Amino acid sequence: MAQVATAHRKRDLRTTLFNIPKIDLHRHLEGSLRLSTLAEIAHEHGVDLPSLSLEELRPYVQVVDDPPDFLSFLAKFRLLRRFYSSREAVERIAYEAVADAAADNVRYLELRFSPVALALNQGFDFEDVVDWVILAVNRAQQEHDIQVRLIVLTNRHEPQYAPQLAEIAIDRKDKGIVALDLAGDEVNYPQLDPFEAPFKKAKAAGLHITVHAAEAGPATNARDAVTQLGAERIGHGIRIRENIAVMDMINREQITLEICPTSNLQTGTIPRLNQHPLFAFYQLGIPVTINTDDPSISNTTLTDEFLVTTGGVGVPFKALCDMILNAAQAAFLPEAEKLRLLDWFTKALAPYKSGAMLGE
Ligand SMILES: [Zn+2]
């Protein structure tokens, strides 16, 4: 009987977490492809793959039984680069990424993407793929109850593209591009010098900056991202817990951490969910947010991540609501728009924060 009651409670909690309007600040377009779409694109365009069967394809593009490891997690993206085979394919995956977020009751989404990943294999122009993504995302947000902004991502191992990507993002700042991100292998490519000039130029032009740091690399990578690249948010930042001076600096400057619990587990950044520092960060006053990172690679949704955060990490419900408001506060929007977003979420979350929607 106790097991049945627990199953009921878990289902009720999942329903509540699904119903809560949510914000995802850290989601990669290239990590959001539906597996069914991958199989269809492969059939239509003859993508050279280890297998065309969806189940046989799964382990190549999704974490299944893989031991936790940062670099093998990143390796999934390499195969995915083969799927952006046409303009239609790029527009389709961008549209579906937004539609899937909306279907999970994500009401504000910042979707990041690498124009190089989308363009390079097929020899597309970076400008073209960025415009295709903008078009598809705009169409998707008109047809769904969701607001979307875009972040142009540059990879640590491809610094040669950073200046051009910064220019492309600056040119499209009024078309939904709001920020630059630096991502990828921070273990073998910790150097920030090649990115300093393009990121400073982007920031001076009014774009925001977020940087993946202190995920697989040391805490000082998060500090350097703030001081050298002007990061206002840090992707993950889990390892700041290893350095009190860096943790104090992140707290003092109120740098928002974009936390992605399942991804952190799969990359080996944390050994177990109950050892995740996100609640400790929250209690210290560091602005923490909950995000998906790569829904299809991690086979997750934002509802799942919230479930993991309450169940696995043990974060109380009220703190979870605060983390959604932290996300609204950290949205890369002009001040007036951000205040409207914050106001809307504050009102929408009030019944949940008071416990009125939890049967308490
Ligand atoms: Zn990420």
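Remember, it's a predicted structure, so these values are computed and weren't measured experimentally. Ligands are counted one by one from 1 in listed order, and the atoms in each one are counted from 1 as well.
Shown here is K203, whose NZ atom has more than 12 heavy atoms of other residues, nucleotides or ligands within 6.0 Å.
Taking the six-membered ring where the residue is Trp, Y161 and F126 present perpendicular rings, their angle passing 60° and hence far from 30°.
Under 2.8 Å from the Zn ion (ligand 1), one finds the following protein N/O/S atoms: H26 NE2, H28 NE2, H212 NE2, D293 OD1.
With 3.5 Å as the limit, one finds no donor-acceptor pair spanning the side chains of T346 and D343. Between the side chains of E258 and T289, no donor N or O sits under 3.5 Å from an acceptor N or O.
Side-chain contact between V211 and F195: absent, with no pair of heavy atoms (C-beta onward) separated by less than 4.5 Å.
The existence of a salt bridge linking E40 and R34 is excluded, since no basic side-chain nitrogen approaches an acidic carboxylate oxygen closer than 4.0 Å.
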